[in-house]
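Start at 1 and go down the list; that is how both ligands and their atoms are numbered. Keep in mind that the numbers below use all heavy atoms, side chains included, and drop hydrogens, waters and symmetry copies.
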Amino acid sequence: MNKFKFLSDKLEDLEKKHQFITPKVIQSPTSSEIKIKGKKYINFASNNYLGLAGNKRIIAEGIKAMKKFGVSAAAVRTIAGTTVLHQKLERKLAQFKKVDDVILLQSGFTANLSVLPTIANENDIIFSDELNHASIIDACRLSKATTLRYKHCNPNDLEDQLVKAIQKNKEGTVFIVSDGVFSMDGDLAPLPDLCKISEKYNAILIIDDAHGEGVLGRGGRGIVDHFSLHSKVDVEVGTLSKAFGVVGGFVGGKKEIISYLRQRARPYLFSSSLSIPDTACAIESIKLVSRGGLQKKLWENTEFFKNSLKSLNFDIGNSQTPIVPLIIGDEAMAKNFADLLFQEGIFAVAITYPTVALGKARIRFIVTSAHSKSQLKYAVATISLIGKKIGVI
Ligand SMILES: Cc1ncc(COP(=O)(O)O)c(C=O)c1O
């Protein structure tokens with residue numbers, strides 16, 4: 001008897017539903033142009049907002065650090081995995097985010113898994129935006145708290161549910177958790193309202209700023225800076241794997257919270273520390289991001305691309321950022337659209353159910369500062385031609 005039949009059945013099922021994932025294999029550095037199977041494509045699929053993933057100064061810092069410290073500390077942070085570089089990066093991130101303290105993790109995913117499962121317990125209630133990232137959903141599940149989902153970006157629904165819940169449970173701590181920028185739609189969390197509600201009900205507010213850092217705020221300081229709400233958000237989760245162009249995650253916030261995470265967060269205690277080159281590259285990347293020049297080009301490119309698509313009558317939802325969803329609706333049509341774009345040298349991913357709601361299939365474009373005007377113009381012209389051909393516009 002095949003003891004893996006239950007898995008082969010599942011794989012078959014995924015194939016049947018056209019949900020089986022086969023990633024494209026990249027043969028070049030990540031930039032606005034990438035090579036796949038020997039052919040060049042304009043890349044709209046990476047989160048490389050500021051074009052830093054292949055930056056020469058960042059690479060040089062990584063090499064210099066490896067020569068001095070090796071590749072890895074080969075230990076978890078609390079045993080023998082804390083080098084002077086890790087501590088320096090934490091200090092730099094705390095200054096960058098204007099928070100009391102920062103704890104460094106291996107990814108944005110493990111950063112989210114470090115927060116709620118560590119500080120929320122069975123007496124507590126978590127209010128989570130219904131479109132939050134998978135890592136927040138898993139963090140809620142791993143915590144023993146009751147999780148209640150509120151309607152996407154809807155502070156009224158949040159407050160209504162919160163009032164009812166605290167009438168029933170007067171004991172526990174209340175947490176509100178939201179993405180800052182929503183990764184499939186590019187819209188922003190209503191941060192001023194979330195801050196007011198958390199203050200009014202003494203709730204702990206956690207914001208995942210993965211797609212805000214480098215993109216929003218002065219010198220790319222993120223969504224909290226964008227709304228000038230420093231010290232009103234209790235915990236900020238971040239990633240080094242998007243605008244910073246490296247890899248890694250972090251949590252910033254009030255002293256007590258970060259100190260407690262250093263004692264009890266399981267991804268910090270039981271998974272080895274960030275590699276040496278990642279750590280050194282991130283330190284250099286923060287320097288380049290905070291200068292601010294790259295954001296200007298990013299936003300010019302974003303406005304050009306979005307305005308061009310809007311003027312062609314494409315539906316790009318409620319995006320307020322360089323994440324541009326081209327909403328198609330039908331799943332098969334979205335996949336076909338992305339395939340036709342790929343044939344014409346444009347790499348952008350079709351996002352379908354279950355990542356987004358059924359009937360809300362889309363192609364997600366991520367605009368970066370590295371795109372040239374001619375790349376963007378070619379993309380708009382090609383999207384327009386294909387859109388007309390298959391009846392999207
Ligand atoms: C909102 C959000 N949080 C967290 C993550 C995870 O970040 P990382 O890729 O660094 O693990 C992502 C990445 O997709 C994200 O979009």
Side-chain angles (χ1 to χ4, degrees), residues 21 23 26 30 44-50 52-53 89 93 97 102-117 126 128-142 149 152-153 176-189 191 194 205-216 220 222-224 226 233 235-253 265-268 271-275 277-279 281-282 285-286 289 319-325 348-349 351 354-356 362 364-368:
I21 300 163
I26 317 295
T30 289
F44 287 99
S46 309
N47 305 295
N48 187 24
Y49 291 109
L50 300 175
L52 292 175
L89 178 53
L93 283 167
K97 297 292 284 186
V102 157
I103 176 174
L104 187 61
L105 281 309
Q106 306 82 355
S107 70
F109 204 106
T110 58
N112 270 321
L113 294 191
S114 298
V115 181
L116 282 165
I126 302 168
S128 175
D129 187 292
E130 64 182 346
L131 294 191
N132 274 343
H133 188 258
S135 54
I136 298 181
I137 297 172
D138 286 6
C140 293
R141 287 180 184 148
L142 271 175
R149 289 175 1 144
H152 178 52
C153 285
I176 299 170
V177 62
S178 176
D179 280 15
V181 176
F182 288 84
S183 54
M184 296 301 148
D185 294 88
D187 53 342
L188 299 188
L191 200 58
L194 298 185
L205 179 60
I206 303 169
I207 297 295
D208 177 344
D209 201 19
H211 292 272
E213 281 138 7
V215 174
L216 299 171
I223 192 167
V224 174
H226 172 80
V233 173
V235 180
E236 283 184 66
V237 175
T239 176
L240 298 165
S241 2
K242 303 195 190 293
F244 291 103
V246 191
V247 78
F250 61 93
V251 183
R266 293 171 74 81
Y268 185 77
S271 181
S272 292
S273 62
L274 197 63
S275 83
D278 289 326
T279 311
C281 289
S285 185
I286 294 170
V289 170
S319 165
Q320 291 156 274
T321 63
I323 297 173
V324 186
V349 183
I351 315 257
T355 308
V356 292
R362 65 203 55 194
R364 186 180 64 162
F365 293 84
I366 295 182
V367 180
T368 72

With heavy-atom distances below 4.5 Å as the criterion, would you say the side chains of [X] and [Y] are in contact?
X: Tyr49; Y: Ile323; result: yes
X: His211; Y: Thr321; result: no
X: Val237; Y: Ile136; result: no

Can you tell me which residue and heavy atom of the protein come closest to [atom], and the distance to 0.1 Å?
atom: atom 13 (C) of ligand 1; result: Lys242 NZ, 2.7 Å
atom: atom 16 (O) of ligand 1; result: His211 NE2, 2.8 Å
atom: atom 7 (O) of ligand 1; result: Gly108 CA, 3.5 Å
atom: atom 5 (C) of ligand 1; result: His133 CE1, 3.4 Å

Option with minimal heavy-atom separation from atom 4 (C) of ligand 1, where the choices are Asp208, Leu240, Thr239: Asp208
Hey, what do you get for [atom1] ([X]) to [atom2] ([Y]), rounding to the nearest 0.5 Å?
X: Asp208; Y: Glu213; atom1: CG; atom2: CD; answer: 8.0 Å
X: Asp129; Y: Ile207; atom1: CG; atom2: CD1; answer: 9.5 Å
X: Leu188; Y: Ile223; atom1: CG; atom2: CD1; answer: 5.0 Å

Under the 3.5 angstrom rule, does the side chain of Gln106 hit a backbone N or O of Pro267 as a donor-acceptor pair? yes
Could you tell me if any non-hydrogen atom of Ser135 lies under 4.0 Å from any atom of ligand 1? yes
Which atoms from ligand 1 have a heavy atom of [X] less than 4.0 Å away?
X: Asp179; result: 1 (C)
X: Ser241; result: 8 (P), 9 (O), 10 (O)
X: Ala210; result: 1 (C), 2 (C), 3 (N), 15 (C)
X: Phe109; result: 6 (C), 7 (O), 8 (P), 11 (O)

Return a yes/no value for Val181: is any of its N or O atoms, backbone included, closer than 3.5 angstrom to an N or O of ligand 1? no
Go through it in stages, so that I can follow the logic: the residues are His152 and Asp185, the test is side chain to side chain donor-acceptor pair (under 3.5 Å), and I'd like the CA-CA distance, side-chain angles, deciding distance and then a yes or no. CA-CA 11 Å; His152 178 52; Asp185 294 88; 5.3 Å; no
